[in-house]
*Asks:* 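Just passing along the structure, written as C-alpha cells.
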Amino acid sequence: MPRLIALLVVVLIACTPSRAQPEEQPAARPKIGLVLSGGGARGFAHIGVLKVLQELHVPVDVIAATSMGAIAGGAYAAGYTPRALEQLVQATDWNTIFARRAPRADLAWRLKEDDYRNLFTFELGVKEDGLTLPRGAAGAQELGLLLRALGGTVRDVNDLAQLPIPFAAMATDLATGKLVVLQKGASLSTAMRASMSVPGAFAPIDYQGRPLVDGALVRNLPVDIARQMGADIVIAVNVGTPLLPRDKLTDVIAVGQQMINILTEQNVERSLAQLTPRDILITPDLADVSAGDFAKGEAIVAAGEAAARALADRLAALAVSPESYARFEHARSARLHAQTPAPIVDVRVEGLRTVNPQSVLADIDLPRNVPVDTAQVQRQIRRVYASGDFESVSYGLLDAPGGRVLVVTPMEKSWGYNTLQLGGSLQTNFSNDNRFDLLVLHTWSWLNRAGGTWRNELQFGTIRRLGSEFLQPFAAGSHWLAVPRARLERESFDLFSGRRAIAQFESREQFADLSLRYLLGSLGMVQFGLGHAHTEMRLLTGSTPPPPGGRTDGAIARGQFMLDTLDAVGYPRSGYSLGAGITYYDGPPGSAGRKTAAQVSATAPMTYGRYTLVASVAAATSNQAWGVRYGGLFNLSGTSRGELAGSSGVLVRGVFYRNVSDAFGDIRMPIFGGASLEAAAALAPGEAFSWSEFRRAASLFFGAESPVGPLYFALGKTFGGSSALYFLWGRPQ
C-alpha cells in the first residue's frame with residue numbers, strides 16, 4: 001500500500017500544470033506611419049528622407065501625404081526607389097510640366113499661325129452671362145501624364161490601401177471646404193493629381209461629382225490620418241512654406257499666396273500638436289527655397305537627406321534586420337518590376353459633348369497587335385492635346401483579350417469654345433519711328449460636327465484690319481479644309497527722301513476669296529484660292545503724288561506653302577520655318593493691270609548649349625510701288641521704318657544670342673543677351689539686285705521671353721547711316 005500511494009503521488013505531480021513562465025517571444029514591431037506634407041518644390045526634400053530610411057533599413061507600413069508629398073509618397077508606396085525618384089526630379093523639365101499648352105513644334109497649324117500675331121495664349125470664354133476665365137492659370141497636361149506614368153504600375157488598384165504600402169492622399173472639396181481622404185475608389189494617379197491641385201494655379205479635379213483641390217488647405221500634415229491607418233509611431237516630414245514677412249507683402253500675388261499659407265500653417269500647427277514623444281518630426285532647412293523653385297531639385301533633395309541624417313540615431317531605433325528589410329523591399333517593388341508592354345487592341349474616346357470623338361481618333365496612330373509602352377501611348381495623347389481643343393487629355397488602359405483597350409478622356413474647355421484672345425506689338429526708337437498695334441481675335445470652334453471654326457479679327461494702330469474667315473474641315477479630323485475669308489486692311493507709312501520723311505501715304509487692301517487648304521499635320525500647310533481684291537495707295541500728307549499704277553481692282557489667285565517647326569517665334573532655339581506665297585492680280589482696264597506679288601522666307605536656328613544663332617532670309621515683290629519696306633530693329637537696325645522701300649526687296653540677317661538667365665538668380669523668365677548683323681536692299685521696278693545695293697546694319701540687344709511675348713531693348717546702327725535706341729514688344733518683323 002505505501003508503494004501504491006507513492007506511485008499515485010508521483011503521477012499526480014507529473015500531471016499537475018507547471019507554473020514556470022513560458023519562453024519569452026520577441027516583442028511585436030510597432031507599425032510605422034510616414035506623413036509627408038505639401039510644399040511645392042520644397043517637397044523634393046521627401047526624397048532625401050526616403051533615401052536615409054532606406055539606408056538605415058527602416059520599413060514604412062503606411063503613408064499619409066498631401067500635395068507634393070502625395071507624389072513622393074504615392075510613388076514610393078507603388079514601388080519606386082528613392083534613387084529613381086531623384087533621377088526623375090533631375091531629368092524633368094519643370095517649365096514644360098507646367099506649360100499652358102503643348103510644345104510649339106507639336107501644335108495644330110492654326111495655333112502656330114497665331115504666334116506670329118503675338119496673341120496671348122490666355123483665352124476668355126464668351127457666354128450668355130458674360131466673359132468666363134479658365135479654372136487654372138497653369139497648365140496641368142504634362143503633370144497629368146507624369147503622374148499617370150508613375151501610377152501606371154498599379155493602374156488596376158482602386159483601393160490605395162491595397163498598394164504594397166497602404167497609402168492615402170489628402171484633398172479639399174472646393175464646394176464644401178471639407179477634407180477628402182483619397183483611398184478607396186481612387187487610382188493612384190488621380191489621388192496624386194487631386195492632392196496637388198493648387199487653387200488658382202490648376203483646375204480642380206472632378207472626382208465622384210466633387211471638385212477637388214490641394215489638400216494642404218485643410219490637412220497639410222495628416223498625422224491623424226496615419227493614426228487611423230494603424231500607425232503606432234509617426235515619422236512626419238514638414239516642408240510647408242512659412243508665412244511671408246510683412247515687407248514681402250507688396251503685391252496682389254504675394255497677398256494671395258499669404259492667404260493660402262495662413263490656412264496651411266494653421267492646420268499644420270494642429271497636426272504638430274498631435275505628435276507624441278515616440279514620434280519623429282523631420283523639418284528640412286529650406287529657408288532659401290520657395291514652393292516654385294523646381295530648378296533647385298538636387299539641393300532640395302540634399303536638404304531632406306541632411307535633416308534625416310541629423311536624426312539618424314532615433315530613426316535607426318526603428319530599423320529591422322537586413323534580411324527582413326530585403327523582404328520588405330522585394331514585396332514593395334515587385335509590381336514595378338512585373339510591368340510589361342502589351343498590344344493595344346482598341347481605342348475608345350469618352351466624355352465628349354461638343355467635340356466630335358472622331359477628331360480625337362484621327363490624331364491617334366498606334367499599331368495594333370504590337371506591344372506598346374507608356375512612352376508610345378503618351379506621344380499619342382500629346383498629339384490630341386496639341387490640337388488646342390481641350391483643357392487636358394487623360395487616358396486609361398483596360399485589360400482585354402489579346403492586350404489592352406486605350407480609353408482616352410479629354411476634358412473639354414470649361415470656358416467654352418466661343419473665345420476671345422488679345423495680342424499686339426509695339427516698337428519705338430523713342431523719336432520719330434513708333435508703331436503700335438492692338439489685336440482682338442474672336443474664335444468660335446466646333447460650330448458643326450466636322451469642326452467648323454469661325455474666326456474674326458479686329459486690329460487697331462499702325463495697321464488697321466478687320467477680317468473674318470471660316471475654317472471648314474471636310475470631315476472631323478480631315479486634313480482638307482475649305483476656307484472662305486474676307487479682309488479690309490489699311491496701313492500708314494512715310495515716304496523718305498534720304499533720311500527725311502517727305503510724305504505720308506496709306507495703303508489700302510480689300511479682298512475676299514475661297515481657298516482650299518491641306519494640312520501637313522502640325523508641320524505646315526499648302527493652300528490655293530480664288531477671289532477678288534481692290535488695292536490702292538492714297539496720299540495723307542505732303543505733296544508727292546501716288547505713283548502711277550498704284551491701284552488694282554479685279555480677280556486674284558493665291559497660292560501659299562508653309563512649313564514651321566520652330567519651338568518659339570521670338571527666341572527660337574530649334575526647328576526651322578520655310579514659306580512661299582504668290583498672288584496674281586488680274587485687273588480691268590484703267591487699273592494697274594496684271595501684276596504678281598510674291599514672298600519667300602526661311603529661318604533656321606542653330607543652338608549649342610546656351611548659345612543660339614538664327615539665320616534668316618526673306619525676299620518679296622509687291623504690286624505697290626513702295627510695298628516692300630525695311631527699317632526698324634532687326635530689319636536694318638538704326639534706319640527708320642520705310643526709309644528703304646521699293647517694289648521688291650531682300651533681307652538677310654543673323655541673330656546671335658545667349659541665355660543669361662543664370663546671372664539673375666531665381667528668375668524663371670528666360671533672359672537673353674545678343675547681337676545681330678543685317679543686310680537689305682529694296683529696288684524699283686526694273687532695277688537689278690547687286691551687292692552694292694545692300695545696306696548693312698547691326699544691333700546689340702537684351703531681352704526676354706515674357707508671358708506676354710518677346711521683349712527687346714536694343715541699340716541699332718546702320719553702317720554709313722543713322723543709329724537708334726529701341727524697345728520692341730512682339731515678334732521681330
Side-chain angles (χ1 to χ4, degrees), residues 96-97 99 101-112 139-152 155-156 187 189-190 193 339-413 417 445-446 448-453 471-481 517-525 565:
T96 301
I97 287 292
R101 66 176 189 174
R104 185 178 182 277
D106 301 329
L107 286 177
W109 179 251
R110 174 172 59 85
L111 302 178
K112 286 186 177 182
Q141 175 62 26
E142 286 299 318
L143 174 63
L145 292 181
L146 174 66
L147 299 182
R148 181 63 184 78
L150 285 174
R155 58 185 174 80
D156 57 333
S187 68
S189 57
T190 298
R193 174 66 180 85
Q339 186 76 359
T340 57
I344 300 297
V345 296
D346 192 17
V347 179
R348 299 205 306 258
V349 180
E350 297 182 349
L352 295 182
R353 296 182 178 180
T354 301
V355 179
N356 191 334
Q358 290 302 316
S359 69
V360 176
L361 293 173
D363 282 331
I364 297 175
D365 182 20
L366 280 173
R368 298 297 194 268
N369 303 317
V370 176
V372 296
D373 58 20
T374 299
Q376 290 174 285
V377 172
Q378 293 199 349
R379 276 197 294 271
Q380 305 303 313
I381 300 302
R382 289 186 175 97
R383 288 180 59 183
V384 175
Y385 178 66
S387 69
D389 285 331
F390 305 111
E391 190 171 343
S392 63
V393 183
S394 184
Y395 73 96
L397 293 169
L398 303 178
D399 291 330
R404 292 172 183 155
V405 175
L406 172 62
V407 181
V408 183
T409 311
M411 178 181 290
E412 294 184 333
K413 295 178 179 179
Y417 290 87
S445 302
W446 288 100
N448 51 51
R449 296 299 289 170
T453 299
L471 308 173
Q472 181 58 62
F474 286 12
S478 174
H479 286 209
W480 289 98
L481 294 86
R517 177 180 297 179
Y518 181 76
L519 298 176
L520 305 170
S522 64
L523 182 62
M525 66 94 176
T565 65

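Counting begins at 1 with the first residue of the sequence.
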*Asks:* Taking all non-hydrogen atoms of both residues into account, name the closest pair between L519 and M525 and its distance.
*Replies:* CD2-CB, 4.0 Å
*Asks:* Can you find a heavy atom in the side chain of P410 that is under 4.5 Å from one in the side chain of L352?
*Replies:* yes
*Asks:* Looking at every heavy atom in both P343 and G402, which two are closest together, and how far apart are they?
*Replies:* CG-O, 3.7 Å
*Asks:* Under 3.5 Å, is there a donor-acceptor pair between the side chain of T190 and the main chain of S187?
*Replies:* no
*Asks:* Do R155 and D399 meet the salt-bridge criterion of a basic N to acidic O distance under 4.0 Å?
*Replies:* yes
*Asks:* Quick one: side-chain contact (heavy atoms from CB on, under 4.5 Å) partners of T565, sequence neighbours excluded?
*Replies:* L523, Y576
*Asks:* Would you sort out whether W109 and L520 count as a side chain to side chain contact (heavy atoms under 4.5 Å, CB included), showing the intermediate values?
*Replies:* CA-CA 9 Å; W109 179 251; L520 305 170; over 6 Å; no
*Asks:* Side chains of V372 and R404, heavy atoms from C-beta outward: is any pair under 4.5 Å?
*Replies:* no
*Asks:* With a 4.5 Å cut-off on side-chain heavy atoms, are R382 and Q141 touching?
*Replies:* no
*Asks:* Kindly write out the residues that satisfy side-chain contact (heavy atoms from CB on, under 4.5 Å) with V407, not counting sequence neighbours, or none if the list is empty.
*Replies:* R348, E350, L398, V405, T409
*Asks:* For the residue pair V347 and R368, what are the closest heavy atoms and their distance?
*Replies:* CG2-NH2, 3.6 Å
*Asks:* Can you tell me how far CG of L111 sits from CG of D389, rounded to the nearest 0.5 angstrom?
*Replies:* 8.5 Å
*Asks:* Quick one: OG on S478 to CD on Q358, what's the gap to the nearest 0.5 Å?
*Replies:* 12.5 Å
*Asks:* Starting from the C-alpha separation in whole Å, work towards a yes-or-no answer on side chain to side chain contact (heavy atoms under 4.5 Å, CB included) for F390 and V360.
*Replies:* CA-CA 10 Å; F390 305 111; V360 176; 3.7 Å; yes
*Asks:* Quick one: closest heavy-atom pair of V393 and L145, and the distance?
*Replies:* O-CD2, 4.5 Å
*Asks:* Return the orientation label for the F474 and W480 ring planes: parallel under 30°, perpendicular over 60°, tilted otherwise.
*Replies:* parallel
*Asks:* Could you state the interatomic distance from OG1 (T453) to CZ (R110), rounded to the nearest 0.5 Å?
*Replies:* 5.5 Å
*Asks:* What is the minimum heavy-atom distance between R148 and L397, and which atoms define it?
*Replies:* NH2-N, 3.6 Å
*Asks:* E412 side chain to T354 main-chain N or O, any donor-acceptor pair under 3.5 Å?
*Replies:* yes
*Asks:* Output all residues satisfying side-chain contact (heavy atoms from CB on, under 4.5 Å) with R104, sequence neighbours left out; order by chain, then residue number.
*Replies:* R101, L107, K112, D115, Y116, D564, L566, V569
*Asks:* Minimum heavy-atom separation for A450 to P473, with atom names?
*Replies:* O-CG, 3.4 Å
*Asks:* To the nearest 0.5 Å, what is the distance between CZ (R449) and CG (N356)?
*Replies:* 4.0 Å
*Asks:* Do R383 and D365 touch side chain to side chain, with heavy atoms closer than 4.5 Å?
*Replies:* yes
*Asks:* Nearest 0.5 Å, please: how far is CG in L366 from CG in L406?
*Replies:* 6.5 Å
*Asks:* As an exercise, state the distance from CG of L146 to CD of Q378, rounded to the nearest 0.5 Å.
*Replies:* 8.0 Å
